[in-house]
Amino acid sequence: MKRTFSESLCELPDLRSEVLKLLAQVPVGQVTTYGDLARALGDEKTASARWLGAFFKDHDHQHGCTCHRVVRSNGEIGMYVTGDPNEKAGLLKKDGVMLTGLGNVDLACRFSDFHSVKPLKQLKEFQFTLAKRRQRKSQELTPRTFAGVDCAYRDDGNAVGAYVELDSETLAVTFEESVVAPVEFPYIPGFLSFREMPVLLLLLDKVRRRRDLADIIFVDGNGILHPRRAGIATCLGVLINRPTLGIGKSLLCGSVDTKRMRAGDIRPVYDNGELIGNALKTKNQSKPIFASPGNLISLEEATLFAKATMTKHRTPEPIFYADRFTKQLRKN
DNA sequence: GCGACAG
DNA sequence: ATCTTGTCGC
């Protein structure tokens with residue numbers, strides 16, 4: 001039996017070292033692309049290609065590093081760590097890679113036969129198992145307390161996690177807690193939970209040592225409004241076996257008609273014919289937010305609680321307060 | 001030019 | 001998420 005929430009999360013892969021292992025497989029005279037590396041990581045939709053670009057831009061570049069062999073899928077050389085693309089072109093030429101007159105590489109020498117454990121594919125499988133463990137029904141008890149959780153990032157590699165509890169009737173803040181914890185996993189669309197859950201689980205462990213968790217926990221991020229129905233609100237809710245609800249501020253997947261939406265309106269979000277969330281608006285002029293069930297809650301209730309807590313701000317009060325607390329703590 | 005992906 | 005000043009509106 002697990003003692004703490006933190007212990008319930010599996011060990012996460014070190015994506016940076018996995019990428020370097022893949023790079024080492026690209027032979028002299030050949031190149032690969034950001035998309036190819038993404039697929040080699042087990043990310044078929046190449047959602048991680050952007051992160052790969054950012055990673056190479058400021059990785060620990062040593063003499064002899066072969067990161068110049070990663071180019072764009074359209075043949076463009078792309079950026080280089082040193083900031084000088086010509087240097088990258090020169091190294092490719094020295095490698096024996098054919099360059100066109102416009103300075104593009106000939107992708108005939110493209111290498112993509114990688115040997116990999118496909119860490120992102122493994123994490124996707126984990127998401128599917130968590131999605132399967134999600135409980136759709138609630139306990140049908142009127143919640144007395146709501147809580148919001150959120151993270152803010154500091155430039156020292158740590159994140160600040162904040163938990164703010166509110167009275168469900170008055171929406172007055174009744175309790176606050178926070179933690180500072182290291183963050184190693186990058187932000188990749190569809191994999192947000194692996195970046196923020198370690199912080200949030202520590203935070204909830206800390207809260208639990210002082211009091212019972214709130215009846216409903218609002219999470220900054222989606223629940224089942226996710227390509228694998230495993231957004232951070234769902235993953236977190238399943239791991240702690242508590243009711244959670246996801247609040248997204250932009251649409252991750254699916255489609256919804258938000259034309260001429262007015263305050264109080266509710267619009268369904270569908271993905272492949274499946275109803276996975278609702279768009280809601282606080283004010284006519286503000287952009288909508290997207291509510292979806294995390295765990296132990298129905299879409300109807302998740303939407304109801306989100307709407308009931310949307311008063312003076314764009315997001316539900318628990319999310320607004322957690323977000324503000326988190327940014328306030330980041331300074332101190 | 002198209003498509004565009006939580007935080 | 002983060003980088004950022006003043007400014008428009010309730």
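In this text the structure is predicted, and so the values were computed from the model without any measurement.
A ring-centre distance under 6.0 Å is not found for A/F191 and A/H226.
Listed by chain and number, the hydrophobic cluster partners of A/L107 are A/V31, A/V71, A/I77, A/L92, A/V97, A/L99, A/V105, where partners are ILVMFWY side chains within reach of under 4.5 Å, directly or through others.
With respect to A/R154 and A/D156, a salt bridge is recorded, a charged nitrogen being found less than 4.0 Å from a carboxylate O. Ion pair A/R144/A/D167 not flagged as a salt bridge, since none of the NZ, NE, NH1 or NH2 atoms sits closer than 4.0 Å to an Asp/Glu carboxylate oxygen. The pair A/K88-A/D84 does not meet the salt-bridge criterion, since no charged nitrogen lies less than 4.0 angstrom from a carboxylate oxygen. With respect to A/D271 and A/R229, a salt bridge is recorded, a charged nitrogen being found less than 4.0 Å from a carboxylate O. Ionic pairing of A/D220 and A/K249 is present here: one or more N-O contacts between side-chain nitrogen and carboxylate oxygen are shorter than 4.0 angstrom.
The local environment of NZ in A/K206 is crowded, with over 12 non-hydrogen atoms from other residues, nucleotides or ligands closer than 6.0 Å. Atom CZ of A/R136 is surrounded by 12 or fewer heavy atoms from other residues, nucleotides or ligands within 6.0 Å.
Nucleic acid contact for A/R330: sugar-phosphate only, since backbone atoms but no base atoms lie under 4.0 Å from a heavy atom of the residue. At a threshold of 4.0 angstrom between heavy atoms, the contacts of A/A159 with the nucleic acid are absent. A/K327 comes within contact range of the sugar-phosphate backbone alone, with a heavy-atom separation under 4.0 Å but no base atom that close.
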Could you go over nucleotides 4-10 of chain C and give all protein N or O partners under 3.5 Å, atom names and distances?
none

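With contacts defined as side-chain heavy-atom distances shorter than 4.5 Å, the pair A/V183/A/P198 does not qualify. With contacts defined as side-chain heavy-atom distances shorter than 4.5 Å, the pair A/R210/A/E177 qualifies.
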Using a 4.0 Å cut-off on protein heavy atoms (strictly under), produce a 5'-to-3' string for nucleotides 2-7 of chain B with B for base contact, S for backbone-only sugar-phosphate contact, and - for none.
-> --BBBB
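Note that A/R50 lies outside the cation-pi zone of A/Y34, set by a 6.0 Å cut-off to the ring centre and a 45° limit from the axis. No cation-pi contact links A/R314 to A/F320, judged by a cut-off of 6.0 Å to the six-membered ring centre and 45° from its axis.
For the atom pair A/L204 CG and A/M197 CE, the distance stands at 11.0 Å (nearest 0.5 Å).
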Between A/D36 and A/R39, is a salt bridge (charged side-chain N to carboxylate O under 4.0 Å, His left out) present by the stated rule, with each step listed?
-> CA-CA 5 Å; A/D36 287 341; A/R39 282 181 282 270; 3.1 Å; yes
Starting at the 5' end of DNA chain C, what dot-bracket string do you get if Watson-Crick and G-U pairs under 3.5 Å are bracketed, crossing pairs use [ ], other-strand pairs use | and unpaired bases use dots?
-> ..........
Determine which bases of DNA chain B form Watson-Crick or G-U wobble pairs with both distances under 3.5 Å, and write the result as a 5' to 3' dot-bracket string with | for other-strand partners.
-> .......
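For the segment residues 31-43 of chain A, the set of residues with a heavy atom within less than 4.0 Å of an atom of DNA chain B is empty.
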